[in-house]
Protein chains: 2
Amino acid sequence: MISEEEMQIWHIWKSSYKNIFGRVVKDMSEQTGLSEGDFGILDRLDLYGKGKLRQQELAVSMDWTKSRLSHHLTRMEKRGLVSREPLETERGVQVIITSFGKTTLDDARPVVSMAIRKHFLDFLTEQDIESITKLAERTKTNSSSPCKNSPS
Amino acid sequence: MISEEEMQIWHIWKSSYKNIFGRVVKDMSEQTGLSEGDFGILDRLDLYGKGKLRQQELAVSMDWTKSRLSHHLTRMEKRGLVSREPLETERGVQVIITSFGKTTLDDARPVVSMAIRKHFLDFLTEQDIESITKLAERTKTNSSSPCKNSPS
DNA sequence: TCGATTAGGTTGACATGTCAACCATAAATA
DNA sequence: TATTTATGGTTGACATGTCAACCTAATCGA
């Protein structure tokens, strides 16, 4: 169905990603104690929500299922990184970064930046950047959502 | 430490990978019942070993830890995809694809090929291929292994 | 107004991964 | 030869993910 060379490209692409990504994650977790998920969540709470976000928005933003997020938040809560409380106005849950979470995040930012530069950005040419950007465009989710708001 | 745009590239690169890879894996698992790991293992047994490989070689080839492989093989054994038996000549374990594993693999190959073409190859330009290949080269593990054989 | 849906979350079971500890055998070295 | 050390694997505990079932509070339609 597909040629040797084509299969090669696939394998190279996969392992290249796994290598680079793995190095960044390793630096991050070793030097900050945060996983990529932890960091993503804290980052969004801090930047998009000034410290708090509704659980559902967080799920969308992370592109995670509600179940996955729920489990993850439970663990982060135990570690003291975030807290949860019911919304007042409507139903739903507010996720709030704790002060411990905030300082952990602040400490982590430079580490993460450094890791991304060292293991990823430093290797990119202009061509790579263009290639990455365009490929992402081309393969983007076909979000012409199936008739959600279509005039029946 | 790093600019908005640089962070953007990182995010785009990550999500682009996750999207494409996720689609391929989803097709594969839905249509064949195999995970990527399952397929990788069966594929290697079939191609590199004519049906059997030493566990350790398999681990290297998959770039997995021995622990991870051991756990995974235990599960695959339960499902009847592979079997294990001790080596005769030296110590160690032979991993052998069962006939059920072999037919499952044969059925899976075209599905996997199709998925890779549909979700990945079809979107690649010549430039992308060059970019992917070269970036992989540039970021390849610096395998000048730390003094394994260095003259003290 | 009442029943059916939808939205927002939680939970438990199970699959998958990681890590450190362990065990046995082979090889190297004192 | 006796003691280390390296090799090849297994195991158990625990972190992380997925899936389906469940619960409750809106909301929609007849």
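Throughout, a chain's letter reflects where its sequence line sits, starting with A, and its residues are numbered from 1.
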Worksheet entry | Leu73(B) CG - dT10(D) C1' separation (whole Å) | 12 Å
Worksheet item: Met76(B) has an atom CE; how far is it from atom C1' of dT10(D), in whole Å?
Response: 18 Å
Worksheet item: Which pairs with one or both residues in residues 49-72 of chain B pass ring-ring contact (aromatic ring centres under 6.0 Å, His included), sequence neighbours excluded?
Response: Trp64(B)-His72(B)
Using a cut-off of under 3.5 Å, enumerate the N/O to N/O pairs linking the protein to nucleotides 12-18 of chain D.
| from | atom 1 | to | atom 2 | distance (Å) |
| --- | --- | --- | --- | --- |
| dG12(D) | O6 | His71(B) | NE2 | 2.7 |
| dT16(D) | OP2 | Arg75(A) | NE | 3.4 |
| dG17(D) | OP1 | Arg68(A) | NH2 | 3.1 |
| dG17(D) | O5' | Arg68(A) | NH2 | 3.3 |
| dT18(D) | O4 | His71(A) | NE2 | 3.3 |

Worksheet item: Any side-chain N or O of Arg84(A) under 4.0 Å from OP1/OP2 of dG9(C)?
Response: no
With a cut-off of 3.5 Å and sequence neighbours excluded, list every side-chain donor-acceptor pair involving residues 82-93 of chain A.
| from | atom 1 | to | atom 2 | distance (Å) |
| --- | --- | --- | --- | --- |
| Arg84(A) | NE | Glu77(A) | OE1 | 3.2 |
| Arg84(A) | NH2 | Thr74(A) | OG1 | 2.9 |
| Arg84(A) | NH2 | Glu77(A) | OE1 | 3.3 |
| Glu90(A) | OE2 | Arg54(A) | NH1 | 3.3 |

Worksheet item: Closest heavy-atom contact between Trp13(A) and Phe21(B)?
Response: CH2-N, 4.2 Å
Discussion item. Taking Ser35(A)'s backbone N and O only, do any of them form a donor-acceptor pair with Asp38(A)'s side chain (distance below 3.5 Å, no angle check)?
Written reply: yes
Could I get a table of every N or O pair under 3.5 Å where one atom is in the protein and the other is in nucleotides 21-29 of chain C?
| from | atom 1 | to | atom 2 | distance (Å) |
| --- | --- | --- | --- | --- |
| dT25(C) | O2 | Arg91(B) | NH1 | 3.1 |

Worksheet item: Gln56(A) has an atom CD; how far is it from atom C1' of dA26(D), in whole Å?
Response: 14 Å
Discussion item. Applying side-chain hydrogen bond (donor to acceptor under 3.5 Å, both in side chains), can you list everything that pairs with Thr65(B), at least two apart in sequence or on another chain?
Written reply: none
Worksheet entry | Donor-acceptor pair, side chain of Ser61(B) and main chain of Glu57(B), under 3.5 angstrom | no
Worksheet item: Taking 4.0 angstrom as the limit, do Arg138(B) and Asp128(A) come out as a salt bridge?
Response: yes
Worksheet entry | Set of side-chain hydrogen bond (donor to acceptor under 3.5 Å, both in side chains) partners for Arg109(A), sequence neighbours left out | Asp43(A), Asp46(A)
Worksheet item: Once you round it to whole Å, what is the distance between P of dG8(D) and CD of Glu85(B)?
Response: 19 Å
Discussion item. I need the CG-P distance between Leu58(B) and dT10(D), as an integer number of Å.
Written reply: 12 Å
Practice prompt. Calculate, to the nearest 0.5 Å, the distance between atoms CD1 and CD belonging to Ile41(B) and Glu36(B) respectively.
Written response: 10.5 Å
Worksheet entry | Nearest-neighbour nucleotide for the Gln55(B) side chain, dT10(D), dT10(C), dG9(C) considered | dT10(D)
Response to the item:
Rounded to whole Å, CG of Leu87(B) lies from C1' of dG8(D) at a distance of 10 Å
